[in-house]
Asks: 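A single structure is presented below for examination.
For the numbers below, each heavy atom of this structure counts, side chains included, while hydrogens, waters and symmetry mates do not. We count residues from 1, following the sequence as given. Whatever order the structure lists ligands and atoms in, that order sets their numbers, starting from 1.
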Amino acid sequence: MSKVGFCAFVCLLFVCCCCFCCSKAMSTKVNPEAVNERPVIGILTQLVSSEDMKPFGRTYIPASYVKYIEAGGSRVMPIRLTHTTTEYENIFRKINGLIFIGGVANLETSDFARVAKIFYRLALTANDAGDFFPIWGTCMGMQLLTVLVAGENLLTKTTAENISMPLNLTEEAYTSRMFEGFPSDLLKALTQEPLTGNFHKYGVTVETFQENEKLQSFYNILSTNVAENEVNFVSTMEAKRYPFYGVQWHPEVNRFQWSSSRNFPHSHNAVRLSSLLADFFVNEGRRSLHKFDNPEEEASSLIYNYTPVFAGNFSGYEQVYFF
Ligand SMILES: *[C@@H]1O[C@H](CO)[C@@H](O)[C@H](O)[C@H]1NC(C)=O
Ligand SMILES: *[C@@H]1O[C@H](CO)[C@@H](O)[C@H](O)[C@H]1NC(C)=O
Ligand SMILES: *[C@@H]1O[C@H](CO)[C@@H](O)[C@H](O)[C@H]1NC(C)=O
């Protein structure tokens with residue numbers, strides 16, 4: 001049986017320019033790229049695995065991820081796992097970025113993995129052709145981004161469950177796109193204060209990453225952490241030539257999840273970290289000019305067509321969208 005990427009903290013099962021120039025001499029900064037100020041970020045729905053959540057639907061998105069993206073200045077389109085490849089190709093032409101969220105799913109054989117692979121390939125091709133399209137993976141979503149690049153599941157036990165930690169930033173972090181806009185005091189706090197919530201059993205060790213030619217040439221490691229079993233795992237990464245980003249921890253919980261039985265970081269710096277990363281990713285989305293065919297199609301595709309369910313009494317989330 002192939003390894004399953006457990007990253008569900010939750011249901012937790014306990015498993016689980018325009019530049020106005022006065023003179024030519026002053027025209028220093030002209031941005032040739034058009035900017036899309038009405039981005040829509042897709043969130044791939046996650047398979048329900050917890051018994052408590054099954055009565056509500058087959059797939060779900062915790063509202064925390066939706067709020068996270070909305071707070072960055074974007075709208076959200078939930079993407080179900082039941083479409084055909086052609087339908088996903090159509091959706092791809094309309095959205096401006098994509099998020100793979102945490103959860104519990106087989107990273108090679110599940111519907112979640114199958115659909116993610118379709119979008120990943122479309123994004124590679126688009127970016128190669130100059131059609132900018134960002135992807136972000138959180139927790140199991142980041143694990144999936146390693147499987148998609150390596151072509152195999154390289155996860156091993158790297159348990160860090162219900163623990164907040166500082167990040168051990170690498171040299172690359174200081175020249176990365178992800179952390180470029182961070183004030184220096186926050187970057188420093190990131191290395192000293194427990195600002196990142198971890199809820200995972202598996203991950204990619206630094207050793208595995210460094211021994212894998214495909215991962216090594218595709219991504220830069222931006223941070224590492226030490227797991228309960230003392231192995232060093234990759235906790236943050238960004239692709240060298242593509243706008244693809246992965247975090248093994250959960251930036252959305254810092255602002256949008258409050259279960260007192262979970263170790264969620266809620267300090268001022270933790271909130272700043274969460275805000276800046278959402279701001280960063282949504283801004284990547286503004287560089288994508290994909291759009292819906294018409295306002296009606298757009299309106300009917302957005303998350304506003306759904307109502308989240310109160311889930312605080314049967315999951316680690318306060319609110320969940322079910323599909
Ligand atoms: C931080 O990462 C470096 C390698 O980048 C490693 O040598 C060091 O042991 C790590 N320290 C901690 C506390 O994880
Ligand atoms: C998670 O950690 C918090 C804070 O340390 C603790 O109060 C809580 O009991 C833990 N929850 C679980 C499920 O272990
Ligand atoms: C959770 O709370 C809602 C609203 O109070 C209630 O309708 C529902 O039955 C509760 N669910 C469980 C599993 O306790």
Asks: For V226, counting its heavy atoms only, list the atoms of ligand 1 lying under 4.0 Å from any of them.
Replies: 14 (O)

Asks: Are any of the side-chain nitrogens in D293 or R93 under 4.0 Å away from the carboxylate oxygens of its partner?
Replies: no

Asks: Verify whether the ring centers belonging to Y60 and Y321 lie closer than 6.0 Å.
Replies: no

Asks: Is the ring pair F179/F182 parallel, tilted or perpendicular, if the boundaries are 30 and 60 degrees?
Replies: perpendicular

Asks: Is there side-chain contact between M140 and H200, with heavy atoms separated by less than 4.5 Å?
Replies: no

Asks: Do NZ/NE/NH1/NH2 and the carboxylate oxygens of D279 and R272 come within less than 4.0 Å?
Replies: no

Asks: Could you tell me whether atom 14 (O) of ligand 1 has at least one protein heavy atom nearer than 4.0 Å?
Replies: yes

Asks: Could you label the plane-to-plane angle of the F92 and F133 rings as parallel, tilted or perpendicular, counting under 30° as parallel and over 60° as perpendicular?
Replies: tilted

Asks: One thing to verify: whether E152 and K214 come together as a salt bridge, which I'm taking to mean a side-chain N less than 4.0 angstrom from a carboxylate O.
Replies: no

Asks: Would you verify that at least one protein heavy atom lies under 4.0 Å from atom 9 (O) of ligand 3, or report that none does?
Replies: no

Asks: Starting from atom 5 (O) of ligand 1, what is the nearest protein heavy atom, named by residue and atom, and what distance separates them?
Replies: T170 CG2, 4.5 Å

Asks: Below 4.0 angstrom from a heavy atom of S261, which ligand 2 atoms are there? Numbered from 1 as shown, please.
Replies: 1 (C), 8 (C), 10 (C), 11 (N), 12 (C), 13 (C)

Asks: So, regarding S260 and ligand 2 (criterion: nitrogen or oxygen to nitrogen or oxygen, under 3.5 Å), is there a contact or not?
Replies: no

Asks: Within a distance of under 4.0 Å, is there any protein heavy atom near atom 2 (O) of ligand 1?
Replies: yes

Asks: For atom 4 (C) of ligand 1, what's the nearest protein heavy atom and its distance?
Replies: N168 ND2, 4.8 Å

Asks: Give the single entry among D52, V309, N313 that approaches atom 12 (C) of ligand 3 most closely by any heavy atom.
Replies: N313

